[in-house]
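In what follows, chains carry the letters A, B, and so on, assigned in the order in which the sequence lines appear, proteins first and then strands, with residues in each chain numbered from 1.
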There are 2 protein chains.
Amino acid sequence: MTTDTTTEWTSGPTAEHQWEQQLHSHDRRVTKQRLAVLAAVARSPHATAEAVTDVVRAELANITLQSVYVVLADLTGLGMLRRIEPPNSAARYETRTGDNHHHAICTGCGRIEDVDCAVGHAPCLTPGLDAGATIGRIVIADVLYQGTCSDCAAKAGLVEAPAPAPASH
Amino acid sequence: MTTDTTTEWTSGPTAEHQWEQQLHSHDRRVTKQRLAVLAAVARSPHATAEAVTDVVRAELANITLQSVYVVLADLTGLGMLRRIEPPNSAARYETRTGDNHHHAICTGCGRIEDVDCAVGHAPCLTPGLDAGATIGRIVIADVLYQGTCSDCAAKAGLVEAPAPAPASH
DNA sequence: CCACTTATTCTGAGTAATTCACAATAAGCA
DNA sequence: TGCTTATTGTGAATTACTCAGAATAAGTGG
């Protein structure tokens with residue numbers, strides 16, 4: 001669905017080689033399925049397992065959804081993929097790991113965008129946990145912003161009154 | 001299961017009266033089921049629909065899980081409850097709404113705690129969305145901290161090596 | 001207090017996302 | 001080249017949740 005032709009990916013053949021090395025270093029075998037899943041996630045970030053499967057099938061027509069699930073789960077456990085779980089949606093995957101970036105989701109159309117951390121790099125990692133909190137050692141801080149994207153805002157503005165004013169009350 | 005006898009809840013009979021009024025003002029009928037669900041969520045925050053059902057059944061033995069789901073969804077839509085979706089877990093509910101507090105979840109035992117907003121009140125609502133972001137108008141910012149609670153840290157410290165040396169940065 | 005309207009609940013079945021068990025395949029190594 | 005075992009494929013199961021329709025009861029007017 002992109003107007004770009006070739007160099008759309010976040011990563012090219014170089015990345016594939018890196019993936020092979022990473023798989024090896026984690027004592028995983030390098031299979032065409034795993035490489036294809038990684039390439040698919042890299043090319044279409046925030047895709048669901050099913051969407052990833054569709055993309056992969058362009059290359060490996062016979063891969064099963066179950067295998068994709070297994071691969072996604074394993075690679076996520078390895079840290080090669082990151083899994084995000086938006087509300088009212090299946091889990092989604094991306095290759096951007098390590099940096100602690102967050103996500104903004106449009107409540108209208110479900111579109112998801114990456115958002116670099118608000119205050120700079122890792123402000124979220126040391127919140128006001130002092131007062132009687134037993135959960136220390138924060139490792140991850142996932143921030144999920146919810147809002148309306150420009151498309152949906154425009155659509156809402158054209159189709160209906162600015163404020164739906166649902167409940168009269 | 002609490003050692004307390006009566007005044008354990010976050011809210012007493014006063015809250016019940018408020019709930020009745022809120023239900024009325026939203027053109028909802030005041031049923032014992034709805035009040036019981038509200039009381040259950042107030043008494044055990046971050047409970048799943050199933051857990052809420054168990055609590056409610058102490059009072060209303062015949063309530064069905066489906067009804068609890070309907071009530072939870074409706075009250076969440078009304079803003080009387082807030083729904084959170086931790087990773088690898090069913091949705092959870094709480095009566096604390098309106099304030100934008102966040103949550104810390106222990107990756108060891110799944111325990112969830114409330115966390116007041118890090119930078120004060122609403123820092124998360126205006127992140128660095130400037131650069132080419134199409135999702136403006138941020139309405140909600142859910143922050144989910146993941147870490148290890150003291151119990152699990154102690155347990156891990158006794159059973160295995162102290163620090164698994166987490167991600168660097 | 002009674003009848004009536006309709007939201008709410010209950011009964012029972014259905015769906016989506018994900019996982020499990022086990023047989024078939026193929027990656028890595030001797 | 002052949003062997004070992006991780007990985008994939010096949011098929012079924014599970015979890016969390018939703019939907020359709022009948023039964024119940026909250027709120028309202030008489």
Using a cut-off of less than 4.0 Å, is there contact between a side-chain N or O of [X] and OP1 or OP2 of [N]?
X: A/R34; N: D/dA6; value: no
X: A/Q33; N: C/dA26; value: no
X: B/Y69; N: D/dC17; value: yes
X: A/S67; N: D/dT8; value: no

By the 4.0 Å heavy-atom rule, please label [X] as base, sugar-phosphate, or nothing.
X: A/N62; result: sugar-phosphate
X: B/A91; result: sugar-phosphate
X: B/R92; result: nothing

Closest approach of A/H46 to A/I112 (non-hydrogen atoms, all atoms of both residues):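 Between these two residues, the closest heavy atoms are ND1-O, 3.4 Å.
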
Closest approach of B/L72 to B/Y93 (non-hydrogen atoms, all atoms of both residues):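 So the two residues come closest at CD1-CE1, 3.6 Å.
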
Rounded distance (Å) that lies between atom [atom2] of [N] and atom [atom1] of [X]:
X: A/K32; N: C/dA26; atom1: NZ; atom2: P; answer: 6 Å
X: B/L65; N: C/dA13; atom1: CG; atom2: P; answer: 16 Å
X: B/E59; N: C/dT9; atom1: CD; atom2: C1'; answer: 16 Å
X: A/L60; N: D/dT8; atom1: CG; atom2: P; answer: 10 Å
X: A/D74; N: C/dT18; atom1: CG; atom2: P; answer: 16 Å
X: B/L23; N: C/dT8; atom1: CG; atom2: P; answer: 9 Å
X: A/E85; N: C/dT18; atom1: CD; atom2: C1'; answer: 11 Å

Nearest to side-chain heavy atoms of B/Q66, which nucleotide of D/dA16, C/dA13, C/dA17: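 Among the listed nucleotides, the one closest to the side chain of B/Q66 is C/dA13.
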
For nucleotides 27-30 of chain D, tabulate all protein N/O to nucleotide N/O atom pairs closer than 3.5 Å, reporting atom names and distance.
{"unit_1": "D/dG27", "atom_1": "OP1", "unit_2": "B/H24", "atom_2": "NE2", "d": "3.1"}
{"unit_1": "D/dG27", "atom_1": "OP1", "unit_2": "B/V30", "atom_2": "N", "d": "2.9"}

A/H103 side chain to A/D114 side chain, donor-acceptor N/O pair below 3.5 angstrom: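 There is such a pair (donor and acceptor under 3.5 Å, judged by atom type) between the side chains of A/H103 and A/D114.
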
Working to the nearest 0.5 Å, report the span between [atom1] of [X] and [atom2] of [Y].
X: A/T76; Y: A/R82; atom1: OG1; atom2: CZ; result: 11.0 Å
X: B/H101; Y: B/R96; atom1: NE2; atom2: CZ; result: 4.5 Å
X: A/T48; Y: A/D54; atom1: OG1; atom2: CG; result: 8.0 Å

Sidechain N-carboxylate O distance under 4.0 Å for A/E94, A/R92: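 Result for this pair is no, no salt bridge flagged.
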
